[in-house]
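These notes concern the structure reproduced below.
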Amino acid sequence: MTGYMTEQEFYRYVENGGKVDATDPMPEAYKREVARIMSFQALAEIVGTLLSAEWVPKAPSVIRKMMYTAKAQDEMGHAHILIRQCEDIGVTREQIIEEYLAGKRKLLNIFHYGFDRYEEMVVGMLMQNTGAIVQFQSLVKGSYLPYIRALRKIMKEESFHYNLAVDMVEYVTKNGTNEQRQIIQEAIDTWYPRMLAYFGPPEKGEPPVDALRWRIKCDTNDDVREAWLEKIVPLISSLGYTIHDPLLKKDERTGRWSYTEPDWEEVRRVINDGGPRSAYWKEKIRKCYEETRWVRDVVSRYSAGQAAAVGA
Amino acid sequence: MSERNRLQVYEVLVQETKDKFPVNVGSVRAPSPTLALQMAREVFARRENCVKVMVVNREAVHVLDDEEYLGYARKKVFRLPFLREREARPRERNGKQEDAG
Ligand SMILES: [Fe+2]
Ligand SMILES: [Fe+2]
């Protein structure tokens, strides 16, 4: 499709809504940007797997433990699907994990924090899942077809995670104690500004970044953030809780939201230097990676044998 | 790194129900067809029911993806069930008298 295009024509093509497949010729810079965004999400899915798995033993009932096992499997599946797309354009799974362990890859701000209690975790999930959903709804309009296909599959399961999170919050709210309901409200207060920051700093009218121009991303950080507010504000109040932000308001005429700016200095510091759980996750992933090395070695040796057997 | 690269990419096909054809849903990287099938089941058939999962080594797939050539069918007037002049006023066909032929 993009076979006979010059680099300039390629960029004009994607800027005008053209779609690109993995086997199409594409400029290095475009490929790098696609791989960067997909591998960033892949790493987030890996951490998401560990985060979900960690709540299997701690979840309060057998059925919740099973649901959390299912969720952990989904997240690993998401990681796998994204990693396959990365590998097709030259970024391997080993590279993603090893570069993260070497400090060359950053995590999303939300993964630098943890949850001390189940009630807090269910709120965190609700916030993170709604955030992921609006983000995917935007990304799925993009120009890179393998990413679109991957997102379609991921979004189906993400809606299960969303419903699960809503169900957990509702259940605790209905059947829990006053103290539990209070922890939920406090968790909303804690996670709301973190989630506002999750979508990235405002563009403030700056010229669009490459990813946006080439339609790998389709909406500005501000637009995705507002899509999230559109979803989360009525949801939180329907669950019987409040978002405590004195500036939170929708201008009915323009449809735009105003809200209290997150402390961007702190966000940057957390992403670069770490927050309460950064070292914990890194250590956990390092340990997992080391402890499963023997599996990868066996697989490698086995596949080498297979290849030799068929004379490849 | 060269050891790792021996892992092969397999395209995954899933047949949802017996009255449908299998569809290519993605790919996995695995050292053998057997493990590729297990990976495929884990990633693509864990949540949704299906009747068959297949994997094909990507190297074994022959591809034709010339969009101009493949998208040509619509331009063949003899493959349309009506005469060209009717196609020029498609609005009329939105009503209830849908063409039986
Ligand atoms: Fe996920
Ligand atoms: Fe999820």
Side-chain angles (χ1 to χ4, degrees), chain A residues 1-4 18-19 21-24 45 69-88 90 92-95 98 145-147 149-154 156-161 293 295-310 312, chain B residues 1-17 20 22-50 53-75:
Chain A
M1 191 63 208
T2 59
Y4 303 104
K19 307 275 177 182
D21 217 330
T23 46
D24 293 334
E45 303 282 5
T69 311
K71 178 167 147 68
Q73 288 176 323
D74 287 349
E75 301 300 0
M76 203 68 248
H78 299 173
H80 188 101
I81 290 165
L82 288 166
I83 283 169
R84 276 295 320 121
Q85 314 318 318
C86 292
E87 285 175 338
D88 282 350
T92 66
R93 62 196 71 192
E94 291 84 3
Q95 209 177 325
E98 285 165 15
L145 289 162
Y147 193 28
R149 291 184 206 117
L151 285 166
R152 290 231 171 93
K153 158 94 177 147
I154 292 169
K156 260 202 233 165
E157 298 176 353
E158 210 51 58
S159 84
F160 165 83
H161 301 170
R293 185 176 295 280
V295 179
R296 292 192 299 281
D297 287 347
V298 169
V299 164
S300 279
R301 269 199 298 277
Y302 176 68
S303 50
Q306 288 281 110
V310 295
Chain B
M1 213 54 198
S2 65
E3 285 280 280
R4 289 165 179 174
N5 288 343
R6 296 229 176 102
L7 291 178
Q8 307 273 302
V9 174
Y10 292 83
E11 290 297 335
V12 178
L13 294 99
V14 169
Q15 186 178 18
E16 255 182 49
T17 53
K20 286 181 188 158
V23 172
N24 183 200
V25 293
S27 61
V28 294
R29 201 181 71 158
S32 72
T34 314
L35 284 173
L37 279 170
Q38 288 311 313
M39 296 276 285
R41 193 249 142 206
E42 212 44 60
V43 178
F44 298 102
R46 184 186 68 257
R47 224 174 226 298
E48 273 135 51
N49 293 337
C50 62
V53 175
M54 298 193 264
V55 293
V56 187
N57 194 315
R58 189 180 269 180
E59 309 257 289
V61 178
H62 301 270
V63 177
L64 171 62
D65 63 354
D66 182 334
E67 284 176 35
E68 184 140 2
Y69 178 43
L70 296 171
Y72 191 56
R74 291 295 292 165
K75 290 179 201 143

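What you see is a predicted model; the values in this text were computed from it and never measured.
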Would you say A:R93 and B:L7 make side-chain contact, with heavy atoms under 4.5 Å? no
For each of A:E157, A:Q85, A:K156, tally heavy-atom pairs with chain B at distances under 4.5 Å, and name the one with the top tally. A:E157
Give a yes or no on this: more than 12 heavy atoms of other residues, nucleotides or ligands lie within 6.0 Å of atom CZ of B:R46. yes
Note: vs chain B, highest number of non-hydrogen pairs under 4.5 angstrom among A:I81, A:V299, A:D74 is A:D74
Taking only Lys NZ, Arg NE, NH1 and NH2, and the carboxylate oxygens of Asp or Glu, determine whether B:R29 and A:E94 approach each other closer than 4.0 Å. yes
With chain B as the partner, which of A:H80, A:R149, A:E87, A:R84 has the greatest number of non-hydrogen pairs under 4.5 Å? A:R84
Let me see the working for A:K19 and B:E67 under salt bridge (Lys or Arg N to Asp or Glu O under 4.0 Å), right down to the final yes or no. CA-CA 13 Å; A:K19 307 275 177 182; B:E67 284 176 35; over 6 Å; no
Whatever's closer than 4.5 Å to a heavy atom in chain B on A:Q73 counts as both
Side chain, backbone, both or neither: which part of A:A70 has a non-hydrogen atom closer than 4.5 Å to chain B? both
Could you check which of B:E42, B:R47, B:E68 has the highest count of heavy-atom pairs closer than 4.5 Å to chain A? B:R47
Is B:V25 in contact with chain A via its backbone, its side chain, both, or neither, using a 4.5 Å heavy-atom distance? neither
So with a 6.0 Å cut-off around CD of B:E16, is the heavy-atom count from everything else above 12? no
